[in-house]
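Naming: A, B, ... by sequence-line order, numbering from 1 per chain. Computed from a prediction, not measured in an experiment: that's the story for all the values here.
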Amino acid sequence: MTVSPKPPLLEVKDLRIEFPTRRGILVAVDGVSFDIAEGEVLGVVGESGAGKSLTGASIIGLLEPPGRISDGQIYLAGRRIDNLPYEEIRKVRGSEIGMVFQDPLTSLNPLYSVGRQLIETIRTHTDLSEPAARKRAIDLLGEVGIPSPKVRIDQYPHQFSGGMRQRVVIALALCVNPKLIIADEPTTALDVSIQAQIITLLKRLCSEHGAAVMLITHDMGVIAETANRVAVMYAGRLAEVGPVDQVIKRAKHPYTHGLMGSIPKLSRAAERLVQIEGSMPRLNEIPSGCAFNPRCPKAFARCTVERPDLIPVDRSQVACWLYDQVEERTGSDG
Amino acid sequence: MLAFIVQRLFQAIIVMFVVGLISFSLFQYVGDPVNNMLGPEGTIEERERLRERLGLNDPVPVQFIHYVGNALQGEYGLSYRMGKPVDELIAERLPATIELVFVSALIALLVGVPMGVYTGLNRNSWLSRVFLTVSLVGISLPTFVIGILMILIFGVWLGWLPTFGRGGIVELGGWQTSLLTLKGWSHILMPAITLALFQLTLIMRLVRAEMLEVLRTDYIKFARARGLLNRAINYGHALKNTLVPVITIMGLQIGSLLAFSIITETVFAWPGMGLLFLQGIAFVDIPVMASYLVLMALFFVVINLIVDLLYYAVDPRLRSEHVGGAAH
Ligand SMILES: Nc1ncnc2c1ncn2[C@@H]1O[C@H](COP(=O)(O)OP(=O)(O)O)[C@@H](O)[C@H]1O
Ligand code: SF4
Ligand SMILES: [Mg+2]
């Protein structure tokens, strides 16, 4: 829908991810489309199992077999990257797209010093000499807030606390200045008291380095404070995409309404909502029509038959028949 | 680091003391050496003289102190069977066994590790399947069967390699080595391969399993997500992380190489410690048995020490643990 001459930084179109199994093909991500603009922070939320991680992994080409992209395209700055040969996508990783994983305790190789891991990454993607790469590594460690980086650079991961390790992981993700960072639940494994610090750091550094962020989380509070736009996923599909204030304060999709209950600050808004009953369907039991219909308080006849696509509503896009202007509305108001 | 080594050395000394006690008590409780040496015909005086000469009339603690003191000086007494000092017998036999075990360990490592890495990285290639299938044979056939088969094929049918004994020996500062001549190698090859096969398959399977495990870890995924070269990930990050368990197992396996070498030495008539020990048992030759026990314990202790030091070199987590806690 962008008419600007410059393509968005990341463009995901109709992404479909499948797992072939003995009992048939499981569709884990189905028809997902979204953009990320340069420097933008896109929050991706949804319950565990919604397909957030798979979407992130497929963008950087790290989908693990037997999982595969069976349909759709992914473009990075206009260049298609979902079907690149191995060596090409390898060069994209780290230098154009960086990634931050969930658990800093297991993300770093325990047998290599922090500096070695940084320098190795820098030198894989640049022509820098060993001393120059080392200097850059020290600067980066300083930037991510590690005290006395000149000493710390030669230490091993186990000598850092969880929060400090996640700072190292962020430095590793940013060390070749990629234009996009995919952060998959970067604070879930951390102590609650340092989660906010790490998120603030991630946001500040990415904006300083001019990197856009795809911030995957199931914490709406983090999204509210960090993201420019939000994509809500449910059962491998997008339920709603829109500017953060719009989605949080005027959620359109009934599922998004339910998710809002998880932000303590918006308890007033939550009063009106009944907590959503039930749980997300398993991949082999996704209902026909709208995947949310068995749990939706506003479901009506059409919801079990036809699958809704994203349609523009206000400044958002919503996949829900309630907002389909053309058809008659029979939504129940309670 | 120093504290760690001292601690380990201390443990080693305790282990050796206990083993010394056990081997010493063999003398006290198993058989009567005087009977064995003189036979039933010896006169009372002859017996008494021999008892005195062997130090059997001293109080037990004194005997033990003597025993330890002598052992430290490399004196293990006279062999009941051959009437020769045990240390001479050992000096003749030890190089043969050590070279056999060393070459076996080398073969097991140099072939087993690359095969393990290959089968771990190329899980579904036909060559991996061949390796795994053949390795099942290596694990399930007993050593002596493999040895006899090899003798049959390479010694008898093809006539490529000698079937028994050591050869091509060169004296090197009191150490008789067979590793400096082609002839020596032609003799050691079959026994060494026979002895190595089991460990080789074990190491291959271990490295493969560890490799598969490590390749699934988050830090390998993160290394891929940073676009590192496959070469750096597989042979750097992944292989190094598989080394810790491999070192452990290899340390333990050198012990079992020593144990299995008894069988291999018998099959190939390899003039080593194992053969000496077996003959010693048949004759209740206590000094030989006791010295064998002490020597083997010494090997284990030394190998364990080396394994610990290797851990130390490979794993930084151990290093700082002993230096005094992680900095946060
Ligand atoms: N190897 C696999 N085989 C079958 N299903 C899988 C596999 N990996 C992931 N899935 C399924 O894909 C879905 C989405 O997973 P994921 O993207 O990790 O969810 P999220 O990150 O949103 O919690 C889950 O329902 C999960 O069961
Ligand atoms: S389409 Fe129907 S079931 Fe789905 S969210 Fe909208 S109202 Fe609910
Ligand atoms: Mg996830």
Side-chain angles (χ1 to χ4, degrees), chain A residues 56-57 60-62 64 86-113 116-118 120-125 147-148 151-152 154-165 169 172-176 178 181-182 184 189, chain B residues 1 113 117 120-125 128 207 210-248 309-328:
Chain A
I60 198 169
L62 284 176
E64 280 175 32
Y86 178 81
E87 189 51 22
E88 293 297 309
I89 188 70
R90 182 193 65 74
K91 286 181 191 155
V92 169
R93 292 180 201 146
S95 70
E96 293 180 60
I97 306 176
M99 186 131 191
V100 175
F101 286 99
Q102 178 172 340
D103 190 351
L105 298 185
T106 56
S107 291
L108 298 169
N109 185 342
L111 303 186
Y112 284 172
S113 71
R116 174 158 180 192
Q117 302 188 46
L118 274 163
E120 183 182 22
T121 311
I122 294 169
R123 296 197 69 196
T124 301
H125 295 289
S148 46
V151 179
R152 296 295 240 157
D154 292 314
Q155 295 187 340
Y156 290 87
H158 71 272
Q159 292 167 292
F160 292 75
S161 65
M164 284 294 161
R165 279 194 228 185
V169 168
L172 275 163
L174 277 168
C175 68
V176 198
I181 296 283
I182 299 171
D184 193 347
Chain B
M1 175 85 193
V113 171
V117 171
L121 291 178
N122 309 282
R123 238 185 318 171
N124 298 319
S125 84
S128 295
V207 170
E210 283 299 322
M211 213 54 190
L212 292 177
E213 185 81 32
V214 168
L215 287 175
R216 274 199 297 270
T217 59
D218 282 355
Y219 55 83
I220 295 297
K221 283 183 202 153
F222 189 39
R224 291 198 198 292
R226 281 176 293 162
L228 300 187
L229 297 170
N230 260 341
R231 182 162 27 93
I233 293 173
N234 291 339
Y235 303 106
H237 293 257
L239 184 57
K240 194 167 182 194
N241 273 284
T242 66
L243 281 185
V244 172
V246 171
I247 292 170
T248 318
L309 291 178
L310 280 179
Y311 279 155
Y312 224 72
V314 169
D315 197 336
R317 284 164 294 191
L318 294 175
R319 289 203 285 272
S320 61
E321 214 170 273
H322 288 280
V323 172
H328 284 278

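Contact annotation for V214(B): neither backbone nor side-chain heavy atoms come within less than 4.5 Å of a heavy atom of chain A. Only the backbone of I97(A) comes within less than 4.5 Å of a heavy atom in chain B; its side chain stays farther off. Both the backbone and the side chain of Q117(A) come within contact range of chain B, each with at least one heavy atom under 4.5 Å from a heavy atom of that chain. With a 4.5 Å cut-off on non-hydrogen atoms, I60(A) touches chain B through its side chain but not through its backbone. For L111(A), the parts sitting under 4.5 Å from any heavy atom of chain B are the backbone and the side chain alike. Contact of V169(A) with chain B is made through backbone and side chain together, with heavy-atom distances under 4.5 Å.
Ranking P110(A), P157(A), G98(A), S113(A) against chain B, the residue ahead of the rest is P110(A), based on heavy-atom pairs under 4.5 Å. Listed options Q102(A), R93(A), R123(A), M99(A) were ranked by heavy-atom pairs under 4.5 angstrom with chain B; first place goes to R93(A). Counting heavy-atom pairs under 4.5 Å between each of T217(B), I220(B), N241(B) and chain A puts N241(B) at the top. Of the residues considered (V92(A), N109(A), I182(A), L105(A)), N109(A) shows the highest number of contacts with chain B, using heavy-atom pairs under 4.5 Å.
Shortest non-hydrogen contact noted between Y112(A) and G236(B) is OH-C, 3.2 Å. Residues Y219(B) and L108(A) share a closest heavy-atom pair of CB-C, 3.5 Å. Considering all non-hydrogen atoms of both residues, F222(B) and A173(A) come closest at CZ-N, 4.5 Å. Of all heavy-atom pairs between R90(A) and L228(B), the closest is CD-O, 3.5 Å.
Residue-environment remark: CD (E88(A)) exceeds the threshold of 12 foreign heavy atoms within 6.0 Å.
Using a 4.0 Å cut-off between a side-chain N of Lys or Arg and a carboxylate O of Asp or Glu, E120(A) and R226(B) do not qualify as a salt bridge.
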